[in-house]
Amino acid sequence: MDDEKVEEERRIPVGQIVFDEIFLWLLISIVISVAFYNVWGLFDLMRTPPAP
Amino acid sequence: MTLTSERAEYRVCPVTQFKVDLQSEALIKVNAVAAVVALTIGGIAAILIALTRWEAVGLLPPEWFYRLLTVHGTNMLIFWIVFFEMAGLYFGATILLDARLPKPAVGWLAFGLMVVGALFVEITALTGNSTVMFTAYEPLGSNEASPLFYLGLILFAVGALVAVGLFFATVVMARVEKTYEGSLPLVTYGLVVAAIIATYTLLSGAVALVPPFLRTIGIIEHVDPAFYRNFFWSFGHPAQQINLAAMVAIWYAMGVMTVGGSPVSEKLSRFAFILYVLFINLGSAHHLLVDPGLSFGFKTFNTSYGMYLAVLGSMIHAFSIPAMLEVAQRRRGFTNGLFEWLRKLPWREPGFAALAVSMFVFGWIGGVTGVTMGTEQIDMVAHNTLRVPGHFHAAVVGGTTLAFMGFTYYVIPLVFRKRVKFLKLATWQPYLFGLGISLVAVGMITAGIQGVPRRTADIDVVREVPGTVHLSLAVVGIGALIAFTALCMYLAVVLASVFTGPRVEATSLALVQPMEPVPAAAEGSHVAPKGTFVIVLVFLAFFAAFYLANWWMLGRTWFVS
C-alpha cells in the first residue's frame, strides 16, 4: 500500500509532461505561425488580381 | 575551483554552486562583449537621429539621417539583442542546468558567422552603400543596397540559428546525462521559448532576405514587394518576441536573485510561456494592417483573436512576477497594509531597479500602446506615424534593453569574475534610463497622434501640423539626451569593471542592498498577494481608459453620418 502511495506521488502529472515536450512545442509553434500568418497571407496575395 | 570531467572543464561558482563549463563561459563573454559593442554603435546613432528629429536642433542632413537610421535599427533591433540572447542561451543551457556544452566549436562557428555578418552590415550601412533602413522594403533599384548588406544579414541569421541548434542540443544532452531533475528550471524554460520563437524568426529571415540578395547579384530581376513584406515581418516582428521571452525569463531570474522567493505558480507561468509559443508570432500581421490584398479575416484573426492570447500570456507574467516579490516580502514580515512590501523592496539594488523600471515602461507604455495600435481601425490613423516607434521604444528599449542592462551587472561578478565598479552609477542608471526612454516614447506617441510620420528626417512632408508638435519633438530630444547619458553610465560601469582590475570571485548575489533570506518557517505558507492584485486592477483601468480614448479620438477623425 505504502509503495503504491509513493509511486502515485512520483507520478508526473500529464500537464507537466506535455509542458516539458519542448520539440512538440517547437513543431506546433512553427505550424501555427506558417499556416495562419505566412500561408494565409500569401494565399490572399495570390488571389489579388493584378492592377489593370 | 576547477573540475575536469572526461569531456569538459568546469569551475564551481562560489555563490550559486553551479558548475560552469569554461567553454560555455567563454562564449557567454564574447557574445556579451559583441552585444555591448553593437549597443554602443546603435546608441551613438540614436542620439544623432533624435537630435535631428528635434526640429529646433536639426543636427544631420537627410542623407546622414537615413544612413544612421539604418545603422541604429540593425544594431538595436538585431545585433545588440541577438548577441545578448545568445549569451543568455549559453547561460540557461549550461550553467543553470549544470551541463556541459556538447560542441564548443559549433558555438565559435556560430559566433564567427554572426560577427562577420554584422560587420558586413555595419560597413555597408556606415559607408552609405545600404541606406535602406532596417526594413529594406522592396522594390529597390539594383544599386540601392549592396549585396554585402543582405549577405551580412543572412550570415548573421544563419549563425544565430546554428547557436540556437546548439542550445537545443545542450538541453537534450543535459536531460540524457541527468544533470537536472524533473522539469527545466523556469528561467531556462523561458529561454527555450525564446529559442523556439528564434527558430521560426531566423528561418523566415533567410526566406525574406535571400531573394533581394539574389537580385543584387543579378540572378533574379524582381522581388515581389508584398511577398517580401510577408516574410520580412515574420522575421522582423518575431525577432522582438524572442526579446520578449528572453526578457521575461530574465525578469524572473532578477526577481529571484535580488528579492528571493519563487514563482507563485510555476504551472501558470509556464502556461503563459506556452501562449507565447503558440500565438505571439501572429503579431507580425500588425505591420501589414494597411497593406492592400490581404483579407479582413487575415488581419483581424492574426492581430486580434490570435495575438490577444499572447497578450494574455504577458498579463499573466505581469501578475506573477510582482506577486512573487510580494509573497516573498510578506513572508519576511512586511505585512502592514497593502503596500509595505512594495516600499521595503531593494530599490537601491541595480538589478531590482532595472526589473521594476523595465516592467513599468514595458507594460504601461509599450504594451498598452501596442495592443491599442494593433486594433485594425485605430491602426488606420496610427500606422507609419511616430506612434509606432513610440510604442516599440518603450517595449524594446525601456523593456528588453533595460532588463538586459540590469542583468549585465550580475554577469560581471558571476561570469567575468570582476568586481562591479561605480556602484552608485549602476544604482541610478536604470532610473535615469527609464525616465529618458519614457520621455522619448511619450514624445513620439504624442507627436504621432498629431500626425507626425515616422522614418522622415523632418516634418516638412506633412503640410499642416499643430504647433504643439514641436513640443512633442523637443520631449523626444530631451528624453534621448537623458537616455544617452544613462547609456554612457552603463558603458562606464561595464567597461571599467570588465577591462580593469584583478579577477575576483563573487561572494554574494547582491551588489548593493542584500535582502534577508525568507524565513524557512514561512516557506510554503499561504500568502495572498493583495497589493499586486490592486496594482493589476489599476493597470487594467488605465489600459481600458487609453484604449477607449483612442476609439474616441478615432471618432473625432472620421465622422460617420
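Naming: A, B, ... by sequence-line order, numbering from 1 per chain.
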K.L.:
Under the side chain to side chain donor-acceptor pair (under 3.5 Å) rule, what pairs show up with a residue in residues 294-308 of chain B, not counting sequence neighbours?
P.N.:
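Matches after skipping sequence neighbours: A:D44-B:S295.
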K.L.:
Any side-chain heavy atom of A:W40 sitting closer than 4.5 Å to one from B:F301?
P.N.:
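A:W40 reaches B:F301 side chain to side chain.
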K.L.:
Only counting residues at least two apart or in another chain, list the ones meeting side-chain hydrogen bond (donor to acceptor under 3.5 Å, both in side chains) with B:Y189.
P.N.:
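Applying side-chain hydrogen bond (donor to acceptor under 3.5 Å, both in side chains) to B:Y189 gives none.
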K.L.:
Can you tell which part of A:F43 gets under 4.5 Å to a heavy atom of chain B, answering side chain, backbone, both or neither?
P.N.:
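The answer is neither part of A:F43.
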K.L.:
When only pairs under 4.5 Å are counted, which of A:I22, A:V31, A:L45, A:V34 shares the most heavy-atom pairs with chain B?
P.N.:
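It is A:L45.
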K.L.:
Between B:F298 and A:F36, is the ring centroid distance below 6.0 Å?
P.N.:
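No, ring centres 6.0 Å or more apart.
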K.L.:
Let me know which of B:V192, B:L278, B:V193 forms a side-chain contact (heavy atoms from CB on, under 4.5 Å) with A:W25.
P.N.:
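Per the side-chain contact (heavy atoms from CB on, under 4.5 Å) rule, the option paired with A:W25 is B:L278, out of B:V192, B:L278, B:V193.
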K.L.:
Is there a donor-acceptor pair closer than 3.5 Å between any side-chain N or O of A:S29 and the backbone N or O of B:V277?
P.N.:
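Yes, the answer is positive, given that a donor and an acceptor are paired below the 3.5 Å cut-off.
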K.L.:
Say you draw a straight line from CZ of B:F271 to CZ of A:F19; how long is it, rounded to the nearest 0.5 Å?
P.N.:
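Going from the CZ atom of B:F271 to the CZ atom of A:F19 covers 6.5 Å.
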K.L.:
Rounded to the nearest 0.5 Å, what separation is found between the CZ atom of B:R270 and the CD atom of A:Q16?
P.N.:
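Answer rounded to 0.5 Å: 7.0 Å.
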K.L.:
Can you name the closest pair of heavy atoms from A:D20 and B:R175 and give their distance?
P.N.:
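Smallest heavy-atom distance, with atoms named: O-NH2, 3.1 Å.
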K.L.:
Within residues 223-237 of chain B, which positions have a heavy-atom distance to chain A below 4.5 Å?
P.N.:
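B:A226, B:F227, B:R229, B:N230, B:F231, B:W233, B:S234, listed by number.
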K.L.:
Using a cut-off of under 4.5 Å on heavy-atom pairs, state which of A:I30, A:I17, A:L26 scores highest against chain B.
P.N.:
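Going by pairs under 4.5 Å, I would pick A:L26.
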K.L.:
Select one option (side chain, backbone, both, neither) describing which atoms of A:T48 are under 4.5 Å from chain B's heavy atoms.
P.N.:
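Contact with chain B involves the side chain of A:T48 alone.
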K.L.:
Quick one: which residues of residues 283-293 of chain B reach chain A at under 4.5 angstrom, heavy atoms only?
P.N.:
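Within residues 283-293 of chain B, the residues that come under 4.5 Å of chain A (heavy atoms only) are B:S284, B:A285, B:L288, B:P292, B:G293.
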K.L.:
Find the distance between CD1 (B:I280) and CD1 (A:I32) and round it off to the nearest 0.5 Å.
P.N.:
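It comes to 13.0 Å.
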K.L.:
Any side-chain heavy-atom pair from B:V172 and A:F23 closer than 4.5 angstrom?
P.N.:
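Result yes, sub-4.5 Å side-chain heavy-atom pair found.
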K.L.:
First locate atom OG1 of B:T199, then atom CG of A:L27, and finally report the distance between them rounded to the nearest 0.5 Å.
P.N.:
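It is 11.5 Å, given to the nearest 0.5 Å.
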